[in-house]
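Here's the structure we're looking at; comments come further down.
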There are 2 protein chains.
Amino acid sequence: MPRTHRKTTSSLIGEKLADFRVGVDNAIFSVDTAQNRLLVLLVMRHEEPFLGQWSLPGTLVRQGESLEDAAYRILSEKIRARNLYLEQLYTFGGPDRDPREAKDSYDVRYLSVSYFALVRFAEAELIADGVSGIAWYPVDQLPELAFDHNKILEYGHRRLRNKLEYSPVAFDVLPELFTLSDLFQLYTTVLGENFSDYSNFRSRLLKLGFLSDTGVKVSRGAGRPASLYRFDAEAFAPLKDKPLVFI
Amino acid sequence: MPRTHRKTTSSLIGEKLADFRVGVDNAIFSVDTAQNRLLVLLVMRHEEPFLGQWSLPGTLVRQGESLEDAAYRILSEKIRARNLYLEQLYTFGGPDRDPREAKDSYDVRYLSVSYFALVRFAEAELIADGVSGIAWYPVDQLPELAFDHNKILEYGHRRLRNKLEYSPVAFDVLPELFTLSDLFQLYTTVLGENFSDYSNFRSRLLKLGFLSDTGVKVSRGAGRPASLYRFDAEAFAPLKDKPLVFI
DNA sequence: CCAAAAGTGTTTGCTCTACACCCATGT
DNA sequence: ACATGGGTGTAGAGCAAACACTTTTGG
């Protein structure tokens, strides 16, 4: 494998290696169940390029820091969230995705490893550091973002929908105890109004057998009180690798 | 977003940025239908570290070259394949994944953006460049690979199985005209013996409506001759974004 | 009592599974 | 003729969509 990991600068024709800056950008989603909105966390840029424009929270990777560590670091610098789900999304690294590449005489490439996160909205307290603008934006009302961040978000949004359908991410982001309506509403705000009928959703989920009824009832205004359920990780374990459908 | 894309070296405490070499490594799969084996392309290393060990074909990214371009370049340096499917797999970038990081005084990080590829076996002619060892290995008889390449391959293998179930990659890798047995066999070698009954597989696929019978029959030894089918891209188009199950 | 929310049940049609069986060819 | 692989059909189980209905609360 002669061409892999050759020492930095090669003198062979046409083989000049690119010099990279590696950053991590996060697509952080959250569901505001009170207002039925799917939100994404944006921060205002205070530097060139794209000064004054909204962008995804990101950072450059430090020495000794893994990519995932970097992703968690940005997240914890922006919000205080304890319950969350995070995974790598995609790596965007084409040339010309950052305007600085053109200007820099040194021909530097900016590579972005993006991460996808879903956090519990109620607990996610934004950290205002005085200077930076930081805000939750509804995904259907996004402004034009810096770099290729609109593209990253679109990609992240697709991933979110898939995750919800095929894996139990929802429970990472719901409170410990929740009603089936809470769960249904979460799915509805992410997947759209008519993804399923409530009663069918309900029986499908219950049949899977990893939601345990605590027996405790809660009343939310008018209407019959709802049972509080808990996600039973043990009961779910055997299903972990099977293709699940929560439709 | 003050911490994103800050100019190279920062002097703030604990914020020393990592210096990156970005490589692309390919997990290239192929199905040998004659012998019913799932193969992966490995190359022998002729440099330290891991000299004399097998590894995934990889390269460092050049100036002006996109990640995907780099992936295609390695591929075309190793095999002459015209029909293939390729997509990004995952980015491995933790510290300590490359032993050179420890030795280099300069604290360089080696980041690997891995790509997943599926190529048509019959056409994939290996390019022996005299020096390098290069070979197809059955995925169930892998040697110990350099770096974290075993992990990458495992990840790629999982992706392959998913791709086959939910997307029409198989048709990128089958000949223009194929029998339903060819298709079934491809699925069997990748997903395992008992993923489905032939007759059910058959009717499910045909009902989807994007396989058109050419009427031409081929005889392979004994037994009734089989119809040659063609993948009808137009008929498939409307199904593109729907969740398909080829199980 | 009525509206609202939670929870149950039923009907209809379809898909999945598992086989059994027929068809066309080489030897 | 018979083994071999290709292709068709079917009965039963289970699931999903749609919707009607009951239960329990607040006002």
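So that the names make sense, note that chain A is the first sequence line, chain B the second, and so on, each numbered from 1.
Between the CG atom of B:L228 and the C1' atom of D:dG7 there is a distance of 15 Å, given to the nearest Å. Separating the CZ atom of A:F201 from the P atom of D:dC19 is a distance of 20 Å, rounded to the nearest angstrom. Atom C1' of nucleotide D:dA16 and atom CZ of A:F195 are separated by 14 Å, given to the nearest angstrom. For A:L208 and D:dC15, the CG to P distance is 10 Å, given to the nearest whole Å. Rounding to whole angstrom units, NZ of residue B:K207 and C1' of D:dG9 are separated by 13 Å. Residue A:D197 contributes atom CG, which lies 14 Å from atom C1' of D:dC15 at whole-angstrom precision. One atom, CG of A:L206, and another, P of C:dA6, lie 14 Å apart when rounded to the nearest Å.
Here B:F29 and B:F116 bring their ring centres to under 6.0 angstrom of each other. Aromatic rings of A:Y229 and A:F178 (six-membered ring for Trp) have centroids beyond the 6.0 Å cut-off, not under it. Taking the six-membered ring where the residue is Trp, the centroids of B:Y187 and B:Y198 are separated by 6.0 Å or more.
Between the side chain of A:N200 and the base of D:dA18, a donor-acceptor pair under 3.5 Å is found.
Of the two residues contacting DNA chain D, namely A:S199 and A:G221, the nearest-nucleotide position lying further toward the 5' end is that of A:S199.
The pair A:R220-A:D182 meets the salt-bridge criterion, since a charged nitrogen lies less than 4.0 angstrom from a carboxylate oxygen. Salt-bridge annotation for B:E77 and B:R73: present, with a side-chain N of the basic residue lying under 4.0 Å from a carboxylate O of the acidic one.
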Between N or O atoms, less than 3.5 Å apart, protein on one side and nucleotides 3-6 of chain D on the other: list the pairs.
| from | atom 1 | to | atom 2 | distance (Å) |
| --- | --- | --- | --- | --- |
| D:dT4 | O2 | B:G223 | N | 3.1 |
| D:dG5 | N2 | B:R224 | N | 3.3 |
| D:dG5 | N3 | B:R224 | N | 3.4 |
| D:dG6 | OP1 | B:S181 | OG | 2.7 |
| D:dG6 | OP2 | B:S181 | OG | 3.2 |
| D:dG6 | O4' | B:R224 | O | 3.3 |
| D:dG6 | N2 | B:R224 | NH1 | 3.1 |

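Here D:dG7 is the nucleotide among D:dG7, D:dA18, C:dT25 with the atom lying nearest to any side-chain atom of B:L180.
The two atoms that bring B:R120 and B:E123 nearest to each other are NH1-OE2, 3.2 Å, heavy atoms only.
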